[in-house]
Number of protein chains: 2
Amino acid sequence: MAWSIAEVARSSGVTSRTLRHYHSIGLLVPARVAPNGRRYYEQEQLLRLQQILLLRDLGLSLDVVGEVIAHRDEQDAIEVLAKHKEWLVKEQLRLGRLVQTVDATIDNLKRGGEMSPENVFEGFEHNPYEAEARERWGDEAVDASYERMRGWTEADAEKARTAYPKVHQGLAALKAEGVAVTDLSVQELIQLHYEVTSLFWTPTREAYKGLGQMYVDDERFRQNIGNGDDALVEYLRDAMTVYADSKLDD
Amino acid sequence: MAWSIAEVARSSGVTSRTLRHYHSIGLLVPARVAPNGRRYYEQEQLLRLQQILLLRDLGLSLDVVGEVIAHRDEQDAIEVLAKHKEWLVKEQLRLGRLVQTVDATIDNLKRGGEMSPENVFEGFEHNPYEAEARERWGDEAVDASYERMRGWTEADAEKARTAYPKVHQGLAALKAEGVAVTDLSVQELIQLHYEVTSLFWTPTREAYKGLGQMYVDDERFRQNIGNGDDALVEYLRDAMTVYADSKLDD
DNA sequence: GCTTGAAGTTGACGTAGCGGCAACATCTAC
DNA sequence: GTAGATGTTGCCGCTACGTCAACTTCAAGC
């Protein structure tokens with residue numbers, strides 16, 4: 001007894017299009033193809049189809065499904081499945097983290113926050129600075145920085161989020177008053193700047209001065225910090241230089 | 001200050017191809033396109049790109065990313081994200097179940113079992129009989145059956161897996177000895193057959209007789225049960241008819 | 001001014017797993 | 001003989017780009 005494509009489709013819950021597709025990629029070849037082109041399936045193919053659908057529903061690609069069935073009595077099949085399970089577990093964990101991040105993003109939006117990565121930083125995969133940071137300072141430095149972040153307390157994290165804006169605003173006020181960069185009030189703010197920077201890495205004297213210069217040189221930092229006021233960024237750089245020369249070791 | 005495509009790509013960690021793609025689908029249009037066709041981006045586009053990558057990494061499609069950013073200050077965006085979170089949670093649960101099923105499949109293969117859905121039935125999504133069952137008996141009956149299965153004990157599940165083969169083998173032996181279908185030994189096996197069938201649904205007299213007839217009429221049941229011995233299936237049907245008439249209510 | 005290399009451009013094809021046409025052939029029933 | 005169901009073979013479409021190919025343009029060095 002042979003079944004037509006529609007009969008097989010109905011009884012297995014897939015469409016005839018799917019069966020034709022499986023034929024075209026050689027995954028499930030009909031028992032017989034009549035001279036008029038019609039496909040006919042037998043018990044053997046029905047059994048194979050069940051196995052295909054079982055494995056497909058496990059999330060395997062059709063390629064892999066074919067391989068597993070071909071080696072179904074050998075060790076290979078088990079290995080493939082075990083590897084696939086590993087993958088599933090990882091995916092599941094990844095989705096769990098995503099749920100957290102989506103939650104954080106929603107939270108942030110509700111409070112009227114902007115949708116910027118800084119605000120949703122936690123558990124976040126695509127840090128917008130990371131790619132460039134790795135290129136500019138190397139993988140080692142970036143990894144070390146992440147390592148350090150993992151040891152943060154709640155207070156550290158709070159500081160990392162809020163301190164820079166405080167410093168920038170404070171400096172803007174002092175600069176407006178004409179206070180010199182060597183003044184203690186300025187240097188105290190730079191002290192805070194140095195502390196929060198140290199949450200990520202420990203700048204030496206020259207490195208800290210270089211950081212200040214980079215703020216000036218890099219358009220994006222300049223914009224972010226000065227918000228249009230380029231002189232403020234230069235003020236910050238000068239203050240950092242003074243701080244580095246007076247307080248930091250080589 | 002304008003950045004070239006390669007500069008933007010480096011600083012954001014995507015490829016220039018991706019940026020061109022985003023331009024071609026209108027997701028991120030450069031600030032300026034020079035007469036020679038070159039793309040130039042400004043701060044505004046960099047910010048937008050960061051938002052795009054943030055949302056993309058949350059697992060949203062680019063279509064949806066565009067929508068969310070367009071409505072980023074409205075309630076819509078939050079709703080979309082909330083819906084997306086629901087989806088993520090569901091996916092995560094689904095993957096969890098898949099892990100279980102893969103495990104069960106591996107286990108089964110290790111013991112030399114066949115890779116058939118009956119053996120890995122638990123938590124399984126694509127029951128090969130379900131589609132046809134829904135068509136043949138209706139959604140209501142199938143759903144009721146699933147409802148009943150949810151109340152199974154371990155013993156019930158064991159019975160459901162093993163009883164039918166026992167019945168078929170027992171009947172084959174008795175038939176070979178020339179025992180009549182009315183004989184008590186046959187009827188005891190049918191009693192077991194009725195019990196296990198009742199784990200799924202409760203057949204009335206006529207329904208049970210109809211089931212026996214279907215075993216004979218349907219090629220696949222006939223093959224599955226008789227394994228080539230069509231007379232055995234008819235023997236089963238006759239025995240079921242006798243049982244129904246003597247024991248079952250209308 | 002010429003050459004060279006880097007960086008840019010626009011197509012176009014490929015990916016996985018089918019869905020959904022269109023255009024045509026064949027089978028079954030009345 | 002004709003209609004309606006069922007089949008066939010293309011071919012485009014979908015996602016989010018990767019990966020060529022074939023050119024053009026730009027900046028730098030001789």
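Lettering of chains follows the sequences in order, A, B, ..., and the numbering in each one begins at 1. Worth saying up front: this structure is predicted, and the values here are computed from it rather than measured.
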- Query: Have A/T197 and A/Y164 got a donor and an acceptor in their side chains that come within less than 3.5 Å?
  - Reply: yes

- Message: Please confirm whether the shortest side-chain N or O distance from B/S4 to OP1 or OP2 of C/dG8 is below 4.0 Å.
- Response: yes

- Query: Which part of the nucleic acid does A/T15 contact within heavy-atom distance under 4.0 Å: base, sugar-phosphate only, or nothing?
  - Reply: sugar-phosphate

- Considering only NZ, NE, NH1 and NH2 on the basic side and carboxylate oxygens on the acidic side, decide whether B/E206 and B/K209 come within less than 4.0 Å. yes

- May I ask you to check whether B/T241 and B/Y208 show a side-chain donor-acceptor distance below 3.5 Å? no

- How is B/R20 classified with respect to the nucleic acid when contacts are heavy atoms under 4.0 Å: base, sugar-phosphate, or nothing? base

- Report the C-alpha distance between A/L27 and A/R48 in whole Å, list the side-chain angles of each, state the deciding distance to 0.1 Å, and finish with yes or no for side-chain contact (heavy atoms from CB on, under 4.5 Å). CA-CA 9 Å; A/L27 183 59; A/R48 188 180 165 95; 4.3 Å; yes

- Item | Expected output: side-chain B/H23 to main-chain B/L19 donor-acceptor under 3.5 Å | no

- Salt-bridged, A/E91 to A/R94, with N to O below 4.0 Å? yes

- Message: For a quick check under 3.5 Å, do B/T101 and B/R97 share a side-chain donor-acceptor pair by atom type?
- Response: no

- Got a donor-acceptor contact below 3.5 angstrom from the A/R32 side chain to the A/R38 backbone? no

- Spacing of A/R39 atom CZ relative to C/dC27 atom P, expressed in whole Å: 15 Å

- Query: Just how far, in rounded Å, is P of C/dA16 from CZ of A/R17?
  - Reply: 16 Å

- Query: With a non-hydrogen cut-off below 4.0 angstrom, is B/S61 in contact with a base, only sugar-phosphate, or nothing?
  - Reply: sugar-phosphate

- Rounded distance in Å - NE2 (A/H21) to C1' (C/dA16): 7 Å

- Task: Answer yes or no: is there an ion pair linking A/R222 with A/E219, defined by an N-O contact shorter than 4.0 Å?
- Result: yes

- Task: Kindly compute the distance separating CE (B/M240) from OH (B/Y215), expressed to the nearest 0.5 Å.
- Result: 5.0 Å

- Task: Figure out the CZ/C1' separation between B/R10 and C/dA7, and round it to whole Å.
- Result: 10 Å

- Item | 5' to 3' contact window, DNA chain D with chain A (heavy-atom distance under 4.0 Å) | D/dT6 to D/dC11

- Interface with DNA chain C, restricted to residues 22-38 of chain B and to heavy atoms under 4.0 Å: B/G37, B/R38

- Which atom of A/L232 lies closest to which atom of A/I225, heavy atoms considered: CD2-O, 4.1 Å

- Could you tell me the separation between the CG atom of A/L19 and the P atom of C/dG17, rounded to a whole number of Å? 15 Å

- What base-paired stems does DNA chain D take part in, with at least 3 consecutive Watson-Crick or G-U wobble pairs and both distances under 3.5 Å? C:1-30 with D:1-30

